[in-house]
Structure formats: structure tokens, C-alpha cells
> 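Before I ask anything, let me first share the structure, which is written out below as C-alpha cells.
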Protein chains: 2
Amino acid sequence: MTVTLKQLAASLGLSPTTVSRALNGFPEVNAATRKRILQAAAEVEYRPNTRAKSLATGRAQAIGHVIPVSTSHEIVNPIFADFIAGAGETYSSAGYEMILRIVPDAEEARAYRDLVARGAVDGVMVHAPLRHDPRVALLTELGLPFLVHGRTSDVARPYSWLDINNQRAFRRATQFLTEFGHRRIALINGLENMDFAQRRRNGYLEALRDAAISPDEALIRNGEMTEPYGYRAMTEMVQLPDPPTAFLASSMIVAYGLRRGLADLGLRMGRDVSIITHDDDLSYLPNQGDVPVFTTTKSSVREAGRRAAKMLLKLVESPGAGPLTQLMEAALVVGASTGPVHR
Amino acid sequence: MTVTLKQLAASLGLSPTTVSRALNGFPEVNAATRKRILQAAAEVEYRPNTRAKSLATGRAQAIGHVIPVSTSHEIVNPIFADFIAGAGETYSSAGYEMILRIVPDAEEARAYRDLVARGAVDGVMVHAPLRHDPRVALLTELGLPFLVHGRTSDVARPYSWLDINNQRAFRRATQFLTEFGHRRIALINGLENMDFAQRRRNGYLEALRDAAISPDEALIRNGEMTEPYGYRAMTEMVQLPDPPTAFLASSMIVAYGLRRGLADLGLRMGRDVSIITHDDDLSYLPNQGDVPVFTTTKSSVREAGRRAAKMLLKLVESPGAGPLTQLMEAALVVGASTGPVHR
DNA sequence: CCCATGTCCCAAAGCGCTTTGGATAGCGGC
DNA sequence: GCCGCTATCCAAAGCGCTTTGGGACATGGG
């Protein structure tokens with residue numbers, strides 16, 4: 001069934017050495033011989049055994065993604081799927097395997113150590129970084145190449161990351177609203193310990209300051225980004241003495257919740273209340289059309305996955321490459337969910 | 001850094017053979033010696049090199065998930081994430097690695113052949129089966145253990161699968177609506193070539209027949225399960241001469257679209273129009289509470305992942321186990337989105 | 001006292017590949 | 001005709017583990 005190098009070599013009357021060199025493009029092989037070998041290999045669909053190859057070379061030809069699942073809140077971040085799909089495309093075409101580890105968050109550090117000790121991967125992708133994320137220190141110490149999707153805020157040593165400019169995106173979004181005359185703007189943010197949430201908050205606060213609006217903590221929320229979370233935020237906040245006229249949402253799903261709240265209240269989105277949401281451009285939550293339903297800060301997380309994977313592979317293949325960083329800007333896409341303040 | 005078996009053995013003044021046997025629980029090792037070995041191994045955090053081990057044993061200790069991405073419609077099925085999370089939990093605790101391959105759908109067959117030729121996995125999970133799915137034949141031919149998440153309809157040889165009882169679920173849901181007096185019931189289904197969509201359709205048609213309602217093709221739609229898809233279905237169908245009074249949706253996301261359509265039309269869900277949707281119990285789309293927002297046919301896809309993985313591992317570890325099958329029933333959970341027909 | 005029987009350990013081969021260190025042969029230059 | 005190259009090929013070691021096939025020693029029955 002599966003043919004080995006040795007068998008292939010024997011069938012050609014050659015040594016394994018020569019066949020190996022021919023297949024791996026080394027120069028010391030006669031052109032005619034090489035051609036013969038390649039032909040035979042193609043014919044029997046020879047593929048080198050992954051494990052044997054990487055045992056011999058010392059490189060795993062694999063990248064690890066460790067996804068922690070919290071036992072308290074069982075959320076599997078919906079954007080993981082698209083990010084991983086993007087990264088996976090890149091790995092496949094570069095001949096790398098992607099290995100995924102789903103582990104209880106308490107065992108995450110152990111998972112990394114384990115991966116290293118077993119020599120299972122050449123590098124890892126770090127997901128959903130916290131404000132103060134211990135993984136960066138751990139992985140630098142372990143000497144395992146890694147790339148962070150996002151950033152973390154307090155590390156001494158430099159590290160490699162790819163992030164979107166959350167601060168700028170939310171600053172622009174907020175500014176867009178203040179220019180429409182909104183002064184009561186709510187921020188329905190992600191979990192407080194997430195780094196991206198902090199950056200968005202900063203951008204939001206900056207824009208408020210620019211518009212000489214003093215922030216109101218009653219208008220800022222942090223939470224897991226579910227639809228009911230958005231719904232609750234909307235229905236509760238409109239009951240404030242001085243309710244917000246505009247909302248910034250941290251994700252499309254949250255925006256759905258906000259919209260439902262609005263509908264229940266008999267209010268019209270874009271007229272009575274404005275909404276801007278961040279849009280990761282997930283395939284199953286499209287926000288398209290000539291005039292999209294939502295005004296968004298938009299950035300494809302799938303594309304982020306592709307780019308992050310490329311960076312990580314570079315890190316793996318040329319260890320001297322030093323820390324690589326990339327900041328993607330989010331587009332501010334104007335849709336139907338925003339308008340001048342209305343009373 | 002990473003310690004090898006040989007080093008560990010040397011440091012103990014023992015042969016690699018003995019250390020290996022001790023660690024793998026073979027009987028021919030003195031109890032005291034074994035204890036000493038285990039202790040030392042724990043101390044230096046010894047982990048056998050994955051590749052070396054599986055080269056020696058011939059088992060990859062890894063399960064593959066091949067996820068095809070269509071180049072035409074770039075949808076990454078959102079339920080993959082939860083299913084994979086569930087499966088991943090099982091793999092981890094059983095000491096298996098999960099390897100993920102994201103490939104263009106045209107190259108899916110090649111991906112499976114490649115996985116086999118390289119000896120990269122011990123088995124694979126088959127996602128999103130079509131009505132007539134060629135993968136079943138391919139994998140049986142390749143002799144690679146596999147488990148289908150879902151079913152396919154026309155294969156001669158038996159194969160292993162885990163599915164939810166889509167037909168029964170949608171039959172019950174439809175019946176629930178007919179008992180409320182609904183006679184114009186729309187089915188907003190998944191893509192036509194998907195096996196699950198067909199089974200749901202069958203269940204729906206059965207219930208209609210039971211209620212002596214003749215099906216109307218104008219009330220049946222197939223499509224990619226996005227929010228706008230649901231929205232369009234709602235806004236267009238209410239304009240029919242004899243519009244539906246109830247809708248069956250194939251996913252939570254589609255139901256969100258239906259609901260938005262209703263809201264736009266100024267109609268109330270559960271009063272003017274009833275909606276039942278299938279709920280995969282995704283963590284970020286919760287439908288809970290004393291009275292959930294939606295009436296649903298509910299089945300946790302995460303749990304399905306866990307069970308499917310267990311079955312696949314059994315298949316891998318005891319090849320004689322023969323085809324394993326499991327049919328999970330979906331619960332009919334009554335929420336606020338259904339009520340008697342109203343005019 | 002001898003041999004059979006365990007018990008406990010080890011040397012060495014092998015998994016399928018890469019890679020080092022030659023070996024062989026052909027070639028032109030002197 | 002010999003030398004030094006270069007062009008081609010190969011044998012063998014090694015990657016880190018498991019596993020086969022003993023070997024050494026103690027024990028106990030006859």
C-alpha cells in the first residue's frame with residue numbers, strides 16, 4: 001500500500017541515499033537519474049513518512065495551536081474558526097501540519113511544555129492574549145517560536161505579534177459618532193482582562209476627550225460577547241436617566257443583540273439610536289450590500305490568520321529573523337446603522 | 001532541555017530497554033526499580049518524543065480532521081468550532097493529537113491519500129457529509145478508520161457515523177406547529193446537497209402529511225445558513241398571496257435573520273408568526289432562561305464532538321469493532337417564539 | 001548437586017528517513 | 001601514463017523510541 005523510500009530505491013536499483021537526494025533536490029544526482037526517480041515516485045505516489053522524516057531532520061513540520069477552554073465559562077470563541085481556517089490554508093501550502101490542542105485553561109502552560117518536550121511542533125500560535133499574559137514569558141523561556149494574535153501590554157522582552165489597530169479603529173468609530181452630534185455613547189466591550197478590550201476602550205476614551213465629553217462608567221460594559229449580552233445592554237441602558245444615543249459593539253453577535261433590543265423598544269436603528277460594531281468579516285455573518293446594515297470597523301480575521309501563519313513560519317524557518325510585528329488597520333465602513341443624533 | 005530516554009536511562013545506570021518497559025507498564029520490571037524510574041522521569045519531566053515513539057510503534061497517535069473550504073462560497077461552518085472543541089477534549093485526554101487540514105474542496109481526496117501515505121494519522125473524522133458523499137467509498141478503500149459526523153444516503157457498505165435524528169426532530173417540530181393550527185409552515189433549510197437538510201425536509205414532509213397538509217414548494221428554501229438568508233426568506237415570504245404563519249429554521253443564525261425580518265415588518269414573534277429553529281447549543285449563541293427566546297430542536301454539537309471522538313478512537317484501537325453508529329435525539333425545547341395561529 | 005523455572009535486566013535490531021564520509025569512474029592536463 | 005578534479009553514487013550511522021531474543025542470577029524440586 002504505502003511505499004517506503006527503501007522499496008522505491010530497490011525498485012529502481014538505486015540506493016536510498018540517491019533517491020532521497022534526488023527527491024529533496026540536492027545537486028549531486030545525475031539529471032537523467034533524477035528524472036527517472038521523480039517519475040517513479042510520482043507513479044507510485046510516494047510520500048515520505050512524516051514521522052520518519054522529522055525524526056531524521058529534527059524539525060516537526062508542524063505548528064501548534066493551543067486553545068484553552070475555560071471550565072467556568074464554556075465559550076469557544078467563534079472567531080477561532082475563521083482565524084484557524086486562514087492560518088490552515090497557509091500551513092497546508094507550505095507543507096506544514098496544523099495541530100490543535102483543546103485544553104482546560106488551567107493546563108495551558110503544561111500543554112506548551114508538553115508540546116516542547118515531545119518535540120511535537122516547531123512553533124505555536126497564541127490566541128486571545130490577556131492584558132498581562134503569562135504565555136509570552138513562558139514561551140520565550142521555553143525557546144519555542146511563537147506568534148501572538150493580538151498583543152499583550154506589560155512584557156519586558158520584545159515578541160512577535162500580529163494585531164489589528166483596535167485603538168485607532170475605536171477612536172475613529174467614536175469620533176464618527178461625536179461628529180454626528182452624539183455625546184452619550186455606550187461601549188459594549190469584551191471581557192475586561194482581554195487586551196483588545198483595553199485598547200478599544202482607550203481609543204474610545206481618546207475620542208471622547210477630543211470631543212470634550214467626559215466618560216461615564218455607566219455607559220461602559222465588559223462581558224462575554226454573546227447575543228443576549230448585547231440585548232441586555234440595550235434594554236437596560238435606555239432606562240438610564242440620560243440614555244445613550246449611540247452604541248459601540250465589540251462584535252457582530254453583540255450588535256445583533258443590540259438591534260433586537262432596539263426592535264423590542266420600538267426604536268429604529270440609525271435613526272433613534274446609532275450603532276457601530278466591529279466586524280471580523282466572518283463568512284456566516286455577512287454585512288454586505290450597497291449600504292451594509294451595520295456601520296462597522298471591519299477587518300477580516302481570516303486574512304489575519306493567513307498573515308499570522310506566514311509570519312510564524314518565517315520565525316520558525318529563520319530563527320534569527322527577530323521579533324516580527326504587524327499592525328493591520330480596520331476599515332471604517334459606513335452602513336445604515338448610524339446617523340445624526342435624533343430626538 | 002528536552003531529555004531523551006537514553007539520557008534518562010544513563011542517569012539511572014539502567015538500559016533504555018528497562019526504562020522504556022517501566023514507563024510503559026510492562027510486568028518484567030522490579031517494583032523498586034520501576035518506582036525509581038517513574039520518580040526520575042517525573043522529576044525531569046520526561047516525555048517521549050512523539051515522532052520517535054510513533055515511528056517505533058507504527059501508530060501515529062493522531063486523528064485528522066480535513067476541513068474543505070469551497071472556493072466558490074467561502075463559508076467556514078460555524079459549528080465546526082464547537083464540534084472540534086468537543087472532539088479535541090476527548091483526544092487530549094486519550095493522549096491523541098488532533099491534526100487539522102484546511103484544504104480547497106477540490107483537493108480533499110488528495111488530502112486523505114496524502115495523510116495515509118505519510119502515515120500521519122490513525123483515523124479521520126468526516127465533516128458535513130453530502131447526500132451522496134464520495135468520501136465514504138474513498139476512505140473504506142484506503143483502509144483508514146473514519147467516523148462520519150452525520151450520515152450519507154446511498155452507500156452500499158456499512159460505515160460508522162454519529163448523527164442527530166434530524167428527521168424526527170423536524171417532524172416533531174412541524175407537528176408541534178400543526179397542533180397549534182398552523183397550516184402554512186415554511187422550511188428555511190440548509191444547502192440542498194447536504195444530507196442533514198434532506199432528512200429535515202423528510203421529517204417536515206411527514207408531519208405535513210400526517211396533518212393532511214399538502215406541501216408547497218414556495219414555502220421551502222435551501223441555502224447557506226447566514227443571517228441575511230433568514231432575513232430575506234422572511235421578508236419575501238410574507239408577501240406571498242397566502243403567507244406562512246410559521247417558520248422552521250435550520251440554525252440559530254438563520255432564526256436571527258427571520259426575527260429581524262419580523263421586527264422590520266412590525267410583526268411579533270410567537271404571536272403573529274411562530275418560529276422554531278434547530279439549536280446546536282453554541283456557547284456564544286445561548287438560548288436559555290426560564291422561557292427561552294426561541295422554541296428549538298436542541299442538541300449540543302459540542303457533546304456530539306465528544307462522543308464522535310470516543311467512537312473514532314474505539315474504531316482506531318480495536319479494528320475489529322465493526323461499524324459503530326449512534327443516533328442522538330434532539331430535545332424539543334419550548335420557548336417564546338411559538339404560539340397558536342393568530343390572525 | 002543438577003536442572004528446570006522464574007525474575008529482572010540488557011544488547012541489538014528496526015521503524016523510515018537524512019546525512020556524513022567515502023568510493024568509483026570518467027575526464028582533461030601535464 | 002599519472003594526477004587531480006569533478007560528477008555520481010552508496011554504505012553506514014543516527015534521529016529517539018519499542019521490541020525481540022537472550023543472559024545472569026536466584027530459587028526450588030528431584
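So that the names make sense, note that chain A is the first sequence line, chain B the second, and so on, each numbered from 1.
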> Mind calculating the distance between CG (Leu23(A)) and P (dT19(C)) to the nearest angstrom?
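Atom CG in Leu23(A) sits about 13 Å away from atom P in dT19(C).
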> To the nearest 10°, let me know how far the axis at one end of the helix from dC1(C)-dG30(D) to dC30(C)-dG1(D) is tilted from the axis at the other, five pairs an end.
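The two end axes of the helix from dC1(C)-dG30(D) to dC30(C)-dG1(D) meet at 70°.
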> Give every donor-acceptor pair under 3.5 Å between a side-chain atom in residues 318-328 of chain A and any protein atom, sequence neighbours left out.
unit_1: Ser318(A); atom_1: OG; unit_2: Lys314(A); atom_2: O; d: 3.0
unit_1: Gln326(A); atom_1: OE1; unit_2: Arg307(A); atom_2: NH1; d: 2.7

> Give the rounded distance in Å between these two atoms: NZ of Lys53(A) and C1' of dC17(D).
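Interatomic distance, NZ of Lys53(A) to C1' of dC17(D): 21 Å.
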> side-chain hydrogen bond (donor to acceptor under 3.5 Å, both in side chains): which pairs involve residues 120-140 of chain B, sequence neighbours left out?
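Passing the test, one end in residues 120-140 of chain B: His65(B)-His127(B), Glu108(B)-Arg135(B), His132(B)-Asp154(B), Asp133(B)-Arg135(B).
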> Quick one: does any side-chain atom of Thr57(A) pair with a main-chain N or O of Lys53(A) as donor and acceptor, under 3.5 Å?
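Answer holds: yes.
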> Checking Glu45(B) now: which residues fulfil salt bridge (Lys or Arg N to Asp or Glu O under 4.0 Å) with it, not counting sequence neighbours?
none
> Is the backbone N or O of Arg118(A) less than 3.5 Å from a side-chain atom of Thr50(B), with the two atoms forming a donor-acceptor pair by type?
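Yes.
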> Could you pick out which residue, Arg51(B) or Phe26(B), lies toward the 5' side of DNA chain D when each is mapped onto its nearest nucleotide?
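Of the two residues, Arg51(B) wins.
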> Base, sugar-phosphate, or nothing: which does Ser20(A) touch, judged by heavy atoms less than 4.0 Å apart?
base
> Quick check: do Glu317(B) and Tyr96(B) have side-chain heavy atoms less than 4.5 Å from each other?
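Yes - at least one pair of side-chain heavy atoms lies under 4.5 Å apart.
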> Provide, to the nearest angstrom, the distance between the CG atom belonging to Asn49(B) and the P atom belonging to dT18(D).
10 Å
> Which side-chain hydrogen bond (donor to acceptor under 3.5 Å, both in side chains) pairs, counting each pair once, include a residue from residues 30-42 of chain B, with sequence neighbours left out?
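Found none.
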> If only atom types and distance count, is the side chain of Ser160(A) paired as donor or acceptor with the main-chain N or O of Leu147(A) below 3.5 Å?
no
> Take atom CZ of Arg59(B) and atom P of dC17(D), then tell me their distance rounded to the nearest Å.
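Rounded to the whole Å, the gap is 16 Å.
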> Please confirm whether the shortest side-chain N or O distance from Tyr46(A) to OP1 or OP2 of dC17(C) is below 4.0 Å.
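So the side chain of Tyr46(A) is within the cut-off, an N or O lying under 4.0 Å from OP1 or OP2 of dC17(C).
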> One character per nucleotide, please: for nucleotides 4-15 of chain C, 5' to 3', B when the base has a protein heavy atom closer than 4.0 Å, S when only the sugar-phosphate does, - otherwise.
----SBBBB-BB
